[in-house]
Amino acid sequence: VQLVESGGGLVQPGGSLRLSCAASGFIFSQARMSWYRQAPGKERDMVAAITAGGSTNYADSVKGRFTISRDNAKNTVYLQMNSLKPEDTAVYYCSRLGYYWGQGTQVTVSS
């Protein structure tokens, strides 16, 4: 299993970013996929998840601002992040089953 995140960076408060996670080594179309994040000194928390059928759920802190989606033809899961806040600053990880992880991508929200 390999998960490779991309799309992080530095953005001003109120800005947007789209993260991507390219997956390989398993049948992606049948997999529930998740995004997690970990801020310095804090635990890794789930941000959003999407089932194989496309059902989604979100952490309360990001509802209405973040959208998870998937493209099974590209074996890729996305996280569209809008109205970003400084408290969204963290390393964002893609995961399958909460067991397989990518290397993470840094998101920094700062003016």
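Note that this is a predicted model, so its numbers are computed, not measured.
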### Task
Could you list the residues that satisfy side chain to side chain donor-acceptor pair (under 3.5 Å) with Thr108, not counting sequence neighbours?
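For Thr108 the side chain to side chain donor-acceptor pair (under 3.5 Å) partners, ignoring immediate neighbours, are Gln106.
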### Query
Partners of Arg70 by side chain to side chain donor-acceptor pair (under 3.5 Å), sequence neighbours excluded?
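In terms of side chain to side chain donor-acceptor pair (under 3.5 Å), with neighbours along the sequence ignored, Arg70 is linked to Asn72.
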### Message
Test: salt bridge (charged side-chain N to carboxylate O under 4.0 Å, His left out). Region: residues 48-61. Which pairs qualify, not counting sequence neighbours?
### Response
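Residue pairs passing salt bridge (charged side-chain N to carboxylate O under 4.0 Å, His left out), neighbours aside: Asp60-Lys63.
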### Qualifying salt bridge (charged side-chain N to carboxylate O under 4.0 Å, His left out) pairs, either residue in residues 84-95, two or more places apart
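Residue pairs with at least one partner in residues 84-95: Arg37-Asp88, Arg65-Asp88.
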### Query
Atom CE in Met33, atom OG in Ser69: separation rounded to 0.5 Å?
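So the gap between those two atoms works out to 12.0 Å.
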### Query
By side chain to side chain contact (heavy atoms under 4.5 Å, CB included), which residues pair with Ser111, not counting sequence neighbours?
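Applying side chain to side chain contact (heavy atoms under 4.5 Å, CB included) to Ser111 gives Pro13.
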### Task
Keeping the roles fixed (side chain from Thr89, backbone from Val109), state whether a donor-acceptor pair exists under 3.5 Å.
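Answer holds: yes.
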### Query
Is any side-chain heavy atom of Leu10 closer than 4.5 Å to a side-chain heavy atom of Ser110?
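When only atoms from C-beta onward are counted, Ser110 and Leu10 do touch, with a gap below 4.5 Å.
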### Message
Side-chain heavy atoms nearer than 4.5 Å, only ILVMFWY residues, links allowed to pass through others: does that put Ile68 and Val91 together?
### Response
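No, Ile68 and Val91 fall in different hydrophobic clusters.
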### Message
By the ring pair (Phe, Tyr, Trp, His ring centres under 6.0 Å) test, which pairs, at least two apart or in different chains, include something from residues 84-111?
### Response
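Matches after skipping sequence neighbours: Tyr36-Trp101.
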### Message
Going by ring pair (Phe, Tyr, Trp, His ring centres under 6.0 Å), name the pairs with one or both residues in residues 45-68, residues two or more places apart or in two chains.
### Response
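Sorted result for residues 45-68: empty, none.
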Sequence neighbours left out, cut at 3.5 Å: what donor-acceptor pairs do the side chains of residues 39-54 make with other protein atoms?
unit_1 : atom_1 : unit_2 : atom_2 : d
Arg44  : NE     : Gln38  : OE1    : 3.3
Arg44  : NH2    : Gln38  : OE1    : 3.4
Thr51  : OG1    : Gly53  : N      : 3.3
Thr51  : OG1    : Gly54  : N      : 3.2
Thr51  : OG1    : Ser55  : N      : 3.0

### Message
Could you list the cluster mates of Val4? Members are the ILVMFWY residues connected by side-chain heavy atoms closer than 4.5 Å, either directly or through other members.
### Response
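Val4 shares its hydrophobic cluster with no other residue.
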#### Entry: Which residues share a salt bridge (charged side-chain N to carboxylate O under 4.0 Å, His left out) with Arg18, sequence neighbours left out
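Listed in chain order: nothing, the list is empty.
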### Task
Any disulfide (SG to SG under 2.5 Å) involving residues 3-111? Give me the pairs, sequence neighbours left out, ordered by first then second residue.
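For residues 3-111: Cys21-Cys94.
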### Query
What closest approach, in Å, do Gln103 and Leu3 show between heavy atoms, and which atom pair accounts for it?
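The pair with the smallest heavy-atom distance is OE1-O, 3.6 Å.
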Could you list the donor-acceptor pairs under 3.5 angstrom formed by side chains in residues 76-84, with sequence neighbours left out?
unit_1 : atom_1 : unit_2 : atom_2 : d
Thr76  : OG1    : Lys74  : O      : 2.8
Gln80  : NE2    : Asn82  : OD1    : 2.9
Asn82  : OD1    : Ser16  : OG     : 2.9

### Task
Evaluate the criterion side-chain contact (heavy atoms from CB on, under 4.5 Å) for residue pair Leu19 and Val107; output intermediate values, then yes/no.
CA-CA 9 Å; Leu19 306 183; Val107 172; 4.0 Å; yes
